[in-house]
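Below: the structure, in structure tokens.
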Amino acid sequence: MSSNSTLLHIDAEHLRNALMAGIAHVQARRDLLNRINVFPVPDGDTGTNLLFTLQSVRRRLAEGRRATVPMLLDDVADAALDGARGNSGAILAQFFHGVSESSRTNHRFDAHQLAHAVKAGAVSAWSAMSKPVAGTMPTVLEDFGDALAQGVESGIEDIRDLLGRARKAAHRSLKATPDQLQVLKDAGVVDAGAQGFVDLIDGIWRYVRSGRVPDAEALPAFEADAEGTAGGHEAGPLDHRYCTECLIDGDDVQVGTLRERLNALDASSLVVAGGGRRARVHIHTNKPGEVFRVCAEFGDIRQQKADDMSRQHGLLNQRGTIAVVTDSAADLPAGEIDRLGIHTVPLRLFFGDTEYLDKLSIQPGAFYAKVEKGEVHPQTSQPPPRDFRRQFELLTSHGHEVVSIHVSGQLSGTWQAAEQTAKRLGDDAPITVHDSKNAACGQALLVLWAAEAAAAGWSRREIVSGLDEIGPKTRTFALARDLSWGVRGGRVKPWMDWLARNLRLNPVLANTTDGLLAARGIVRGRGEPAVRRFAKFLARKMDSGTVYRILISQADCRDDARLLRELLLTAHPEVDACWIEEASPAVGVHAGPGSLIVGLQPWSAPG
């Protein structure tokens with residue numbers, strides 16, 4: 001593409017290169033976009049979400065050439081919908097969807113066709129929002145499209161000239177966003193999503209002028225200028241805690257009806273993008289499960305996630321610290337999660353073809369209610385790598401180093417998924433993934449220790465070294481009172497269940513040094529007598545004169561857990577803390593109702 005000749009048409013190859021150049025420029029600006037993110041919530045992830053969305057497009061574009069503009073735009077719209085993250089990502093995906101739908105007959109773009117397509121995309125972006133807000137990305141999309149249309153009406157046919165004029169209009173529109181939205185003016189920033197779109201246009205403009213596509217992997221980051229830099233901001237209280245998203249696949253997804261149904265929920269920041277066979281939902285809610293139940297009525301749910309925005313808010317004023325990540329197999333005390341700022345990636349549960357996010361879209365009470373019906377035996381699955389990538393990138397982009405502690409690699413593929421994701425982020429990524437060689441309560445105790453060490457100022461290396469030392473001393477014991485669950489899950493032989501039932505025996509399972517679970521004792525009887533014998537068994541495992549932390553999780557047997565706590569505290573009063581928690585559904589799938597799980601850890605406060 002010569003910068004000197006008149007540009008009257010854009011074919012598929014030029015459009016592909018222009019988009020690749022735009023995406024590379026957004027990549028360079030990601031950190032700035034995160035820093036100026038204050039609306040709709042100041043969770044500091046707009047740059048990461050936009051880049052996640054656009055990288056999905058970039059990967060699709062890199063797969064091969066497309067002969068015509070409609071074919072290429074169809075790929076772009078589909079990839080954007082597939083990869084859309086966050087409010088801004090969903091709106092941008094809808095913009096591409098509108099551009100694609102309006103360009104079915106354009107085998108290449110002239111100035112008039114380009115203006116028409118961008119205008120259609122802007123209208124589509126506005127329609128995706130449940131409650132459109134002026135001064136955000138759709139405003140700049142609209143002003144950019146209007147400038148293209150006005151240029152065509154004035155007789156401009158040179159696409160290079162047309163794009164240059166419209167780009168200036170987009171910059172003016174961006175600069176005016178604080179005048180339209182008070183929260184931006186108060187923070188002294190422009191809208192982050194709108195800035196991201198302008199950055200995309202700036203990258204495209206560079207390609208149009210030079211004909212060169214920058215290497216996205218090697219492109220250096222731009223320094224924030226004074227006009228676009230936020231000086232830091234405090235996160236206010238959230239009406240809705242979870243940024244909830246999913247992709248819906250169906251024969252004919254009625255996005256209008258879907259939007260109405262979701263808008264009736266107690267929620268905010270609703271964006272429904274796409275239509276036809278696929279739709280992307282973005283919404284803020286306190287009850288992700290409600291959202292997923294509504295969405296399931298419109299098709300098959302894919303890529304569901306629910307990010308804790310209150311946890312993300314804390315990142316804004318904690319730069320340069322160690323962040324501790326774990327998975328939902330750790331039965332952590334809820335109060336300690338908040339106090340220590342622990343980040344949790346949920347495991348997945350399946351009842352037949354229906355997928356749930358552990359502890360987010362299905363809580364223990366609802367889980368055991370479904371179990372009692374006995375229609376389908378549930379299964380578990382490790383989190384997909386994209387869940388770890390999103391968490392790791394968010395944390396490291398805010399200056400954090402990461403210690404990620406997971407359920408034993410001998411029991412689940414979760415640790416391996418986290419480890420592989422960290423490696424794909426590069427050798428320089430400040431992330432250490434640690435195999436707890438534990439599960440449930442023992443895993444949770446190690447996570448708590450690491451989070452307290454981080455709060456005490458320990459380095460990542462010191463924390464990992466400490467985990468290596470305290471890990472073998474941290475034990476998990478489980479009183480399995482219904483082995484039929486292990487049989488159905490394939491981890492227990494049927495004859496063992498038959499023998500335990502008929503002889504009224506309860507195996508005590510414990511983690512081994514290599515991270516397996518093995519039988520380490522037998523408790524006879526049923527009901528309260530079995531709990532008392534289990535308490536005596538545990539008391540013998542505790543050294544006299546040593547202070548312990550104790551964590552008990554119960555699978556639908558809270559009264560038994562309370563009795564066990566009383567017995568343990570009586571038998572061994574040297575205790576730093578003793579919590580009772582509900583066993584996560586992901587643990588309950590394998591342990592079964594009535595199980596008691598106990599973590600024991602010799603305690604010495606990091607400091």
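Because only heavy atoms are used, hydrogens play no part in the values below, and waters and symmetry mates are left out as well, while side chains stay in.
For the residue pair Thr48/Asn34, the side-chain donor-acceptor check at 3.5 Å is satisfied. Between the side chains of Thr326 and Gln443, at least one donor N or O lies within less than 3.5 Å of an accepting N or O. Checking Thr476 against Asn438 by side-chain atom types alone, a donor-acceptor pair falls below 3.5 Å. One side chain, Ser130 or Asn263, offers a donor N or O that lies under 3.5 Å from an acceptor on the other. Gln55 and Gln27 share a side-chain donor-acceptor pair at under 3.5 Å.
Under the 4.0 Å criterion applied to side-chain N and carboxylate O atoms, Asp300 and Arg302 are assigned as salt-bridge partners. Salt bridge Arg549/Glu452: present, at least one basic N to carboxylate O contact under 4.0 Å. By the 4.0 Å N-to-carboxylate-O rule, Asp338 lies close enough to Arg241 to be salt-bridged with it.
Thr177 places a side-chain N or O within 3.5 Å of a backbone atom of Leu174 that can act as its donor or acceptor partner. The main-chain N or O of Ala366 is never found under 3.5 Å from a side-chain atom of Gln363 such that the two would form a donor-acceptor pair.
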Audit row: Asp559, Leu563, side chain to side chain contact (heavy atoms under 4.5 Å, CB included) steps and yes/no | CA-CA 6 Å; Asp559 289 343; Leu563 173 61; over 6 Å; no
Run the numbers on Glu101 and Ser124 for side-chain hydrogen bond (donor to acceptor under 3.5 Å, both in side chains), then give the verdict.
-> CA-CA 10 Å; Glu101 288 293 309; Ser124 185; over 6 Å; no
Residue pair Asp251, Arg277: steps toward the salt bridge (charged side-chain N to carboxylate O under 4.0 Å, His left out) verdict | CA-CA 5 Å; Asp251 295 329; Arg277 61 186 180 85; over 6 Å; no
In sequence, state the C-alpha distance, the side-chain angles, and the governing distance for Asp75 and Arg58, and then conclude on salt bridge (charged side-chain N to carboxylate O under 4.0 Å, His left out).
-> CA-CA 10 Å; Asp75 273 356; Arg58 181 174 179 269; over 6 Å; no
Give the C-alpha distance, both sets of side-chain angles, the deciding distance and a yes or no for salt bridge (charged side-chain N to carboxylate O under 4.0 Å, His left out) between Arg30 and Asp199.
-> CA-CA 10 Å; Arg30 180 184 69 172; Asp199 290 339; over 6 Å; no
Go through the steps for Trp579 and Asp331 under the test side chain to side chain contact (heavy atoms under 4.5 Å, CB included), then give the verdict.
-> CA-CA 10 Å; Trp579 298 276; Asp331 288 330; over 6 Å; no
Could you go through the ring-ring contact (aromatic ring centres under 6.0 Å, His included) check for His406 and Phe388 one step at a time?
-> CA-CA 12 Å; His406 296 288; Phe388 289 112; 5.2 Å; yes
Might you work through the side chain to side chain contact (heavy atoms under 4.5 Å, CB included) test for Lys370 and Tyr356, ending with a clear yes or no?
-> CA-CA 12 Å; Lys370 288 182 70 68; Tyr356 297 91; 3.6 Å; yes
Stepwise side chain to side chain contact (heavy atoms under 4.5 Å, CB included) check, Ile362 with Leu357 | CA-CA 6 Å; Ile362 189 166; Leu357 300 179; over 6 Å; no
Does the salt bridge (charged side-chain N to carboxylate O under 4.0 Å, His left out) test come out yes or no for Arg278 and Asp82, once each step is laid out?
-> CA-CA 9 Å; Arg278 305 185 95 192; Asp82 190 58; 3.1 Å; yes
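Residue pairs satisfying the salt bridge (charged side-chain N to carboxylate O under 4.0 Å, His left out) criterion with at least one member in residues 345-354, sequence neighbours excluded, are listed as follows: Arg348-Glu355, Arg348-Asp387. Legend: salt bridge (charged side-chain N to carboxylate O under 4.0 Å, His left out) pairs involving residues 586-596, not counting sequence neighbours: none detected. Screening residues 256-270 for salt bridge (charged side-chain N to carboxylate O under 4.0 Å, His left out) gives Arg261-Glu297 as the qualifying pairs, with residues at least two apart or on separate chains.
Residues passing the side-chain contact (heavy atoms from CB on, under 4.5 Å) test with Ala128 are Gln94, Val271, sequence neighbours excluded. With sequence neighbours excluded, the residues satisfying side-chain contact (heavy atoms from CB on, under 4.5 Å) with Ser269 are Pro40, Asn87, His282, His284. Residues meeting the side-chain hydrogen bond (donor to acceptor under 3.5 Å, both in side chains) test with Lys359, sequence neighbours left out: none.
Counting heavy atoms from C-beta outward, Leu448 and Pro333 have side chains that approach closer than 4.5 Å. In this structure the side chain of Val26 reaches within 4.5 angstrom of the side chain of Leu33, judged on heavy atoms. Side-chain atoms of Asp78 and Arg60, non-hydrogen and from C-beta on, do get closer than 4.5 Å to each other. Residues Lys131 and Leu270 form no side-chain contact, since every pair of their non-hydrogen atoms from C-beta on lies 4.5 Å or further apart. A heavy-atom distance below 4.5 Å is not found between the side chains of Phe144 and Ser173. The shortest side-chain heavy-atom distance between Ser268 and Asp239 does not fall under the 4.5 Å cut-off. The shortest side-chain heavy-atom distance between Ile91 and Pro138 falls under the 4.5 Å cut-off. Contact check for Phe52 versus Leu394: no side-chain heavy atoms found under the 4.5 Å cut-off.
For Asp252, the CG atom counts as densely surrounded, since its 6.0 Å shell holds more than 12 non-hydrogen atoms of other residues, nucleotides or ligands.
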